[in-house]
Amino acid sequence: MKTKSVDQLLDLHYFGEFGGVNPSISDSSTYTFLSAKTMFDTFEGNTEGCYLYSRHSSPSNLYLGEALAALEGTETANVFSSGMGAISAVAMQLCNAGDHIVSSRTIYGGTYALFKNFLPKFNITTAFVDITDVKAVEKGITKKTRMIYCEAVSNPLLEIADLSALSRLAKKYDIPLVVDNTFSPLSIAAAELGADVVIHSLTKFINGSSDCVAGAVCASKDFCLSLKDVNNGAGMLLGSTLDSLRAASILKNMRTLHVRISKHSENALYLASQFEADGLKVVYPGLPSHPGHEAMKKQMHVEYGFGGLMTVDVGSLEKANTLMELMQKENLGYLAVSLGFYKTLFSAPGTSTSSEIPLEEQQEMGLTDGLIRFSVGLDQNIEQTYLKMKGCMQRLGILKSETTPTLS
Ligand SMILES: *Cc1c(COP(=O)(O)O)cnc(C)c1O
């Protein structure tokens, strides 16, 4: 197990123009140049220290990017207007027509649809593999493979990718390893373990208040600059730019990320352990019964725990739906997609966030239709939450009601 100090993230501070404790928000789409020559040089690619136009970069976006680079320990980071904006830009930057991707088959539904349905329009194809089987990943590689793609902790099945092993494989073939670390910020330092590019949907834990959509790419200076290149950069040309006001608000929320992640993890471990002991089929990387438990322990930063996501299989979609409706009625959380909110969010992935994946493929990867994904919230009294959730399950016959022991 690893330990990691969050100091590099918390030590970053920029004062505002008037000594404000937060950096000033840049409220401009365009910037003046003192001389016409500087403007020309900037368009020629010499953009160091210059602002040109806010689709390229803006002070607020750079502040947020620096915080994300500190979080992941990469040279730098670019921010995007969504996680999918970041993912699509990276894929299209790394792959030309005729190129190939090797991707985990258990990934976010939108990413799956992008690789499976959309990129073939540009003659970019993908082999979907079992990411926990490094030999299968290697078998998927062809002469045209330009990216190995996975999620550190996968959506929604919470498979754990062995990033060190995947990184060794990627280096052997000289292919970049791209890791979506949305489910495990702070818990898994993907770049430290060998990822060349780390992607986040900031929409989830990093922002943590379910009030916006945003994304990030954390990588080397060279790669991040290439994404912003005015002639060839997928970030610059596809235009999924984050607004400065939003970048500033995400940066402020990021300052409590370490406290939130620890609490999400603590609460999820409690619920997962209790429900497993009650006899439910629970998937949570913190449980010794999870196939990726040891792989997670080997690469996690222990103080942030095993993450805030768990799944419970309640047997059928119908039961899953009635349970979620009842738990929402009891104010135990919201029936909603997404994750990382202070309130517990639950959804049935097969009919929501992973519905892009065809049914037979869902079955093959173990995505059963009674599965509920929980993004466990920041409840102060998780024991009480557990007892209430258990009560809901007993009312619906998902768990047997306890027989009161008879006094003898
Ligand atoms: C939500 C999510 C995305 C997509 O991010 P958006 O911000 O919604 O575009 C990508 N990967 C994972 C793992 C996600 O959970």
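All ligand and atom numbering here is 1-based and tracks the order in the structure.
- The pair D211-R246 counts as a salt bridge, with a side-chain nitrogen and a carboxylate oxygen less than 4.0 angstrom apart.
- A salt bridge between E294 and K297 is present, with a side-chain N of the basic residue lying under 4.0 Å from a carboxylate O of the acidic one.
- Each of D162, L169, T132 was evaluated against V137; a single residue qualifies, L169, per the side-chain contact (heavy atoms from CB on, under 4.5 Å) test.
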Cut-off 3.5 Å, no hydrogens considered: what does the side-chain donor-acceptor table look like for residues 324-341, sequence neighbours left out?
residue, atom, partner, partner atom, Å
Q328, OE1, L335, N, 2.8
N331, OD1, K343, NZ, 2.8

Ligand 1: which protein N/O atoms lie under 3.5 Å from its N/O atoms?
residue, atom, partner, partner atom, Å
ligand 1, 5 (O), S201, OG, 3.0
ligand 1, 7 (O), G83, N, 2.9
ligand 1, 7 (O), S201, OG, 2.8
ligand 1, 7 (O), T203, OG1, 2.6
ligand 1, 9 (O), G83, N, 3.0
ligand 1, 9 (O), M84, N, 2.8
ligand 1, 11 (N), D180, OD2, 2.6
ligand 1, 15 (O), K204, NZ, 2.7

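- The line from CD1 of I25 to CG of D243 is 9.5 Å long, rounded to the nearest 0.5 Å.
- Taking the six-membered ring for Trp and thresholds of 30 and 60 degrees, F306 and H293 have nearly parallel ring planes, at less than 30 degrees apart.
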